[in-house]
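Worth knowing before you read on, the calculation uses all heavy atoms, side chains too, and leaves out hydrogens, waters and symmetry mates.
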Amino acid sequence: MLAIIFGGLIYILAVTGTLSVFNHELQRWEQPNAPEMQSISAAAAERAAYSVFRSEAVPTTHLYVTFPRPDLPRTVITTDTQAFFADEDGNIVAEETFPWTQFLLDLHYYLHMPQILGLTIVGALGIMLIGLSLSGILAHPRIFRDAFTFRRGAGRLTTVDLHNRLSVWTLPFHFSNALTGSILGVASVLAFAIAAAGFDGDTEQVFAPIFGSEPAPNSAPADIATIAKPIQHIEENFPDIDPTYFIMHDPGTAGQNSQIVGEHGDRLIFGDYYTYDASGNYNGNVGISDGTIGQQIIGSVYNVHFGNWGGLPVKLAYLLFGIGLCVIVASGLKIYFAKRRDKGNSAPRLEGAWTAIIWGTPAALALTLVIALADVVPESGLVALFWLSLVAMITYGSRIGSTRIKPILLVATGMLLTLAMFAHAVRYKEAVISSAGLPISLSLFVLAIAAFLQASLGRKNAHAKQGIMFPAE
């Protein structure tokens with residue numbers, strides 16, 4: 001039972017992690033009619049940010065400008081409570097909302113648990129995956145010598161070869177991915193513990209040696225600081241740096257200050273922080289790009305984990321490696337249950353539950369996608385729907401068995417993905433065929449067809465085992 005629970009959680013993280021690589025594309029798909037651009041001028045960005053700031057009922061402590069990027073060519077103005085799209089002229093156009101993508105990211109980051117608990121469990125699962133990777137190598141002394149061995153049509157041996165070959169060829173990916181994932185999870189938890197023990201609970205002091213610290217706050221009212229001047233400064237003085245975010249801390253106060261996160265195209269780091277005072281005077285960079293080795297390594301962890309480097313080719317590589325990891329996790333317990341059957345100690349209920357996790361996870365995700373597009377429940381409702389539906393599928397799968405539950409869930413996934421495409425088309429009409437809508441819609445179509453074909457193949461195999469003949473197609 002523990003293997004089912006922990007294996008299931010690792011599998012869910014593998015599936016959601018693979019999808020999360022494309023979170024920017026999914027955000028665009030959820031709102032394909034938002035204004036898009038390759039860049040925005042400093043003056044237009046300032047105009048849009050000032051407009052949102054003045055609309056705040058309660059003064060915000062942070063004001064963000066997200067600049068257009070190749071995979072997310074949109075300008076977004078964000079505060080502590082709201083976010084809006086801006087057009088190229090700096091006009092506020094519409095509210096930003098991507099409930100399903102945010103639901104997906106929260107599932108991968110925290111398993112929908114409270115932040116500290118979720119980070120702890122996700123980090124521990126990452127460490128567990130590292131241990132499984134190492135133990136798998138040690139348990140198979142010929143694993144590298146047999147790296148090209150694959151026996152087709154050999155039943156359980158085919159599954160064993162698939163599991164072992166994928167484990168060998170994707171080892172660098174899933175080892176580094178598990179390592180960076182566990183670092184992201186455990187580091188945050190350790191920071192909370194260190195802050196509680198030595199910094200009066202202030203985690204900013206813990207991270208200050210890496211990410212820098214903010215000046216002392218001064219809440220006295222003041223005119224909001226300039227935004228255009230820092231943007232113009234970095235464009236003129238750092239032409240090789242691609243600004244991704246503008247951040248203003250404590251806007252509208254005497255202690256306000258700004259930072260621009262600048263991306264270095266030839267580096268794995270997510271970027272460096274370039275700091276400015278309220279008058280727009282440059283105060284230097286934090287040092288993630290040119291500071292200590294430790295700073296540069298920590299600054300690279302996020303991009304290495306999520307594939308935010310190298311553009312679309314790297315994302316597609318992460319997609320293939322992520323699918324490989326899902327297959328490795330799924331086949332590992334499948335082999336275990338097959339060995340139990342060979343020894344006369346089968347566990348059909350557990351095997352049915354495991355099959356329901358494997359094929360029920362995409363079905364539950366597709367169900368939440370349909371409901372999110374229908375806009376009938378809040379994001380918290382998506383969380384409840386996912387876990388309740390997955391538990392129901394696992395319960396049903398444990399009752400009817402592995403062979404019967406698999407095609408049912410595959411057909412359900414195909415139908416739900418088809419319904420999601422229909423709901424998206426009805427809601428956004430001609431925007432569906434835009435560059436923001438079409439790639440994901442086509443991907444969903446391919447996945448739906450694959451689910452139906454796999455379900456049909458599974459039924460034929462099940463009948464064949466029972467001695468039922470099918471006419472040639």
Side-chain angles (χ1 to χ4, degrees), residues 6-26 70-71 101 104-105 107-109 111 122-123 125-137 139-140 143-144 146-150 158-185 267-270 297 300-335 357-359 361-362 365 413 439-440 442-444 446-447 450-451 454:
F6 289 117
L9 292 176
I10 290 175
Y11 177 78
I12 289 171
L13 291 178
V15 172
T16 55
T18 302
L19 294 174
S20 295
V21 171
F22 297 92
N23 75 86
H24 286 169
E25 289 79 5
L26 289 168
D71 60 349
T101 305
L104 177 72
L105 293 173
L107 177 56
H108 185 68
Y109 291 160
L111 288 170
V122 170
L125 290 170
I127 294 172
M128 186 179 298
L129 185 56
I130 293 173
L132 289 171
S133 301
L134 295 176
S135 64
I137 294 174
H140 299 85
I143 195 167
F144 290 104
D146 294 339
F148 297 97
T149 300
F150 187 76
T158 300
T159 304
V160 171
D161 286 345
L162 179 65
H163 177 85
N164 289 340
R165 299 300 80 80
L166 283 176
S167 298
V168 170
W169 288 107
T170 64
L171 177 63
F173 168 79
H174 61 249
F175 183 84
S176 66
N177 215 253
L179 178 62
T180 52
S182 61
I183 289 173
L184 289 171
R267 303 285 298 280
L268 282 176
I269 58 172
F270 69 86
I297 291 174
S300 303
V301 168
Y302 186 87
N303 277 359
V304 170
H305 185 73
F306 285 100
N308 294 335
W309 56 278
L312 184 59
V314 171
K315 289 191 175 188
L316 293 176
Y318 269 59
L319 172 64
L320 295 176
F321 290 140
I323 293 173
L325 179 57
C326 293
V327 173
I328 291 169
V329 176
S331 59
L333 275 178
K334 184 179 179 181
I335 294 169
I357 291 174
I358 299 306
W359 301 108
T361 297
L365 289 172
T413 301
I440 296 297
L442 288 177
S443 299
L444 294 181
V446 171
L447 289 173
Q454 184 67 21

Over all atoms of both residues, closest heavy-atom pair of [X] and [Y]:
X	Y	result
N23	T101	O-CG2, 3.7 Å
T16	L13	OG1-O, 3.3 Å
G123	S182	O-CB, 3.5 Å
T18	G322	OG1-CA, 3.3 Å
E25	I440	O-CG1, 3.8 Å
G307	V314	O-CG1, 3.9 Å

Can you tell me how far apart [atom1] ([X]) and [atom2] ([Y]) are? Round to the nearest 0.5 Å.
X	Y	atom1	atom2	result
L104	S20	CG	OG	4.0 Å
I328	I323	CD1	CD1	12.0 Å
H24	N308	NE2	CG	6.5 Å
L9	M128	CG	CE	9.0 Å
H174	I10	NE2	CD1	11.0 Å
L125	I130	CG	CD1	11.5 Å

Pair Y318 + F173: ring centers closer than 6.0 Å: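 Yes, ring centres under 6.0 Å apart.
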Does any non-hydrogen side-chain atom of [Y] lie less than 4.5 Å from one of [X]?
X	Y	answer
L184	V301	yes
Y11	I358	yes
F175	L134	yes
L325	T170	no
L365	L19	yes
I269	N303	no

Step-by-step side-chain contact (heavy atoms from CB on, under 4.5 Å) determination, L268 to V304: CA-CA 7 Å; L268 282 176; V304 170; 4.0 Å; yes
